[in-house]
Amino acid sequence: MLVKTYCAAVNGLEVTTVTIEVSLTRGVMYHLTGLGDEAVRESRDRIAAALMNCGYKFPVADITVNMAPADIRKEGSGYDLPLAIGIMAANENIRADRLADYMLVGELGLDGRLQPIRGALPISIRARAEKFKGLIVPKQNIREAAVVNNLDVYGMESITDVINFLNGDDSYEPTHIDTRREFYEQQSHFDLDFADVRGQESVKRALEVAAAGGHNLIMIGPPGSGKSMMAKRLPGILPPLSLHESLETTQIHSVAGKLGRNMSLISQRPFRSPHHTISQVALVGGGNNPQPGEISLAHNGVLFADELPEFNKSTLEVLRQPLEDRKITISRAKYTTEFPCSFMFVASMNPCPCGYYGDPTHTCVCTPGQIQRYMNKISGPLLDRIDIQCEIQAVPFAQLSQMQQGESSAVIRERVIAARKIQEERFGSLPSGRAGEGARVHCNAQMTERMIHQFAEPDAQGLNLLRMGMERLKLSARAYNRILKVARTIADLDHSDRVLSHHIAEAIGYRNLDRGDWAERGI
């Protein structure tokens with residue numbers, strides 16, 4: 001007898017419907033075709049043990065299984081359930097009339113229980129697109145898969161439950177989640193708040209400007225000055241995720257297997273802080289089975305690199321293209337996978353090897369050459385992609401001992417949201433991809449050269465101030481566009497249509513590392 005069951009193959013964020021064809025004839029052999037990997041080939045033994053421990057017998061027959069399309073590689077253990085159901089249906093232990101209505105995914109334990117799989121959300125989206133009536137997943141993946149509406153999603157604990165359901169047991173009910181209600185309820189809850197930060201008003205202002213314009217930022221200061229503490233509070237002042245952004249972000253985390261149990265949609269912008277020993281593949285993604293890296297897990301959120309010079313220099317260099325393109329293409333001999341990676345890059349570092357260069361309370365023991373070599377660990381092209389560079393000093397005891405709290409994240413966030421709305425209105429009327437400009441621009445940090453001239457040109461006084469600042473501070477030519485982008489954001493925070501001289505002055509103050517005499521200052 002020939003039967004068909006349906007599941008899905010996940011390659012990157014692309015999902016392909018897989019048809020599993022099972023044919024039983026007289027004999028004792030088991031044949032599996034369709035480019036299944038080792039985990040798929042091992043499924044025969046898991047299926048046999050699971051069926052036996054659930055009171056069923058594995059068929060004694062010549063079993064031929066084909067996984068179509070046969071030219072796409074099938075990887076992982078999520079095919080166990082559709083393979084087992086197909087074999088049982090071909091042996092007439094299960095009614096085959098309902099198999100065409102449902103997509104099935106799940107790994108089988110030897111006791112017949114279903115184990116969670118990766119990529120339940122994109123698989124659910126694919127099942128709806130293919131007009132399936134429902135999707136059957138392990139119970140641990142139910143909240144993730146049930147995010148998709150207009151699709152009946154069933155969370156099953158064991159293969160016995162699936163067999164009973166397909167044989168007509170109507171006691172199983174699909175899971176429905178009020179996605180919008182849960183999403184909006186969790187958007188404004190943050191454990192970390194800027195109200196807990198004493199002092200550092202200038203750095204908090206720089207973080208506000210960075211959040212308002214989507215600018216990359218680096219903080220330079222001595223140990224214990226609060227760099228990491230403030231960076232971790234940055235997501236609390238970023239604009240809330242839209243439902244579209246949340247769905248896109250959740251899919252990436254689903255494919256990577258990073259969603260926690262009982263999670264549905266990610267409602268807050270991700271904050272990723274990889275250790276400085278991270279490899280290139282772990283940072284940008286890849287591997288034999290292509291998985292998203294840290295830059296894609298930070299999509300629509302923040303990627304924080306603490307102690308930036310301690311990262312391997314070649315690892316940092318792979319960030320250059322993703323920071324510009326907002327996507328990463330992983331090319332191998334047999335596949336090409338693309339992951340989105342539109343994120344804010346935030347970094348922190350000490351000013352020198354000992355950490356106390358420029359600190360008024362400690363004596364720096366580093367020579368100018370040592371400081372320069374330390375700074376040279378960060379390449380010019382990478383530094384060129386960081387719009388805001390701010391110095392930070394340790395907070396004096398008098399400010400630390402004050403009981404009065406600082407401005408809360410909620411108040412700062414309202415100003416950031418207002419500035420972002422101005423930018424959305426400004427760029428919303430522009431056609432996407434015009435004149436080779438690429439994807440649609442959403443914030444000032446993504447402006448092209450043409451847009452800078454159109455929206456961020458300063459008045460005569462501001463232009464003169466910019467010229468003087470670049471000459472006196474020995475700023476590099478690459479700082480010109482960055483200053484104008486940041487000045488445009490500062491003007492948006494002031495609700496100003498024009499970029500004025502004081503906006504330019506503040507933006508120039510955020511280019512500390514571009515100064516030609518930075519490493520010799522104060523020695």
Side-chain angles (χ1 to χ4, degrees), residues 200-221 234 237 323-324 344-347 358 380-393 412 415-427 430 437 441-518 521:
Q200 304 293 12
E201 298 303 323
S202 62
V203 184
K204 287 191 282 187
R205 169 64 176 178
L207 288 166
E208 179 181 341
V209 173
H215 301 287
N216 302 322
L217 174 142
I218 185 169
M219 293 176 284
I220 312 101
L234 183 59
I237 65 173
L323 283 172
E324 291 290 330
M344 276 183 63
F345 180 59
V346 178
L382 179 62
L383 202 60
D384 180 37
R385 289 160 173 80
I386 300 178
D387 296 344
I388 298 177
Q389 307 159 358
C390 60
E391 290 185 82
I392 177 173
Q393 296 293 340
I412 301 174
R415 295 198 295 266
V416 170
I417 292 173
R420 284 289 184 104
K421 285 183 178 178
I422 294 173
Q423 295 165 48
E424 289 174 7
E425 293 173 1
R426 176 186 301 130
F427 303 124
L430 297 178
E437 289 175 351
V441 172
H442 298 283
C443 57
N444 289 333
Q446 300 167 0
M447 284 195 295
T448 62
E449 293 259 359
R450 180 182 301 176
M451 294 177 184
I452 292 173
H453 292 300
Q454 183 177 354
F455 299 117
E457 280 293 331
D459 57 14
Q461 185 178 0
L463 191 60
N464 185 51
L465 180 63
L466 178 57
R467 178 184 59 80
M468 292 173 56
M470 294 190 68
E471 290 176 355
R472 292 183 180 180
L473 299 178
K474 301 179 183 179
L475 296 179
S476 64
R478 67 175 181 255
Y480 178 81
N481 285 342
R482 305 290 169 179
I483 290 173
L484 290 180
K485 287 181 180 181
V486 174
R488 178 66 265 176
T489 300
I490 297 169
D492 290 338
L493 285 168
D494 283 349
H495 302 282
S496 172
D497 294 332
R498 297 294 306 277
V499 177
L500 305 177
S501 58
H502 64 277
H503 302 143
I504 293 291
E506 183 177 351
I508 291 174
Y510 294 138
R511 299 301 302 182
N512 289 325
L513 295 186
D514 278 336
R515 290 161 52 173
D517 63 342
W518 194 88
R521 170 176 60 87

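Here, residue 1 is the first one in the sequence, and each next residue gets the next number. As the structure is a computational prediction, the values presented were derived from the model and not from experiment.
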[atom2] on [Y] to [atom1] on [X], rounded to 0.5 Å:
| X | Y | atom1 | atom2 | result |
| --- | --- | --- | --- | --- |
| Arg498 | Asp459 | CZ | CG | 6.0 Å |
| Ile422 | Asp494 | CD1 | CG | 9.5 Å |
| Gln393 | Ile220 | CD | CD1 | 11.0 Å |
| Met344 | Ile388 | CE | CD1 | 7.5 Å |
| Gln200 | Ile392 | CD | CD1 | 4.0 Å |
| Met451 | Phe427 | CE | CZ | 6.5 Å |

Which atom of [X] lies closest to which atom of [Y], heavy atoms considered:
| X | Y | value |
| --- | --- | --- |
| Arg420 | Ala212 | NE-O, 3.0 Å |
| Ala206 | Cys390 | CB-SG, 4.1 Å |
| Ala445 | Lys485 | O-NZ, 3.3 Å |
| Gly469 | Ile508 | CA-CD1, 4.3 Å |
| Ile504 | Gly462 | CG2-O, 3.8 Å |
| Gln423 | Gly213 | OE1-CA, 3.9 Å |

Does [Y] offer a backbone N or O that forms a donor-acceptor pair with the side chain of [X] under 3.5 Å?
| X | Y | value |
| --- | --- | --- |
| Arg511 | Ala507 | no |
| Arg488 | Phe455 | yes |
| Glu506 | His502 | no |
| Arg482 | Asp384 | yes |

Next on the checklist: Is a donor from one side chain sitting under 3.5 angstrom from an acceptor on the other, for His215 and Thr489?
Outcome noted: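 Short answer, yes.
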Next on the checklist: Does Lys421 form a salt bridge (Lys or Arg N to Asp or Glu O under 4.0 Å) with Glu424? I'd like the steps, not just the answer.
Outcome noted: CA-CA 5 Å; Lys421 285 183 178 178; Glu424 289 174 7; over 6 Å; no
When you compare the side chain of [Y] with that of [X], does any pair of heavy atoms fall below 4.5 Å?
| X | Y | result |
| --- | --- | --- |
| Asp387 | Val209 | no |
| Leu465 | His503 | no |
| Asn444 | Arg426 | yes |

Next on the checklist: Going by side chain to side chain contact (heavy atoms under 4.5 Å, CB included), name the residues that satisfy it together with Glu449, two or more places apart in sequence or in a different chain.
Outcome noted: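 Residues passing side chain to side chain contact (heavy atoms under 4.5 Å, CB included) with Glu449: His453, Asn481.
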Next on the checklist: Are more than 12 heavy atoms, taken from residues, nucleotides or ligands other than Glu457, located less than 6.0 Å from that residue's CD atom?
Outcome noted: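 Yes, enclosed.
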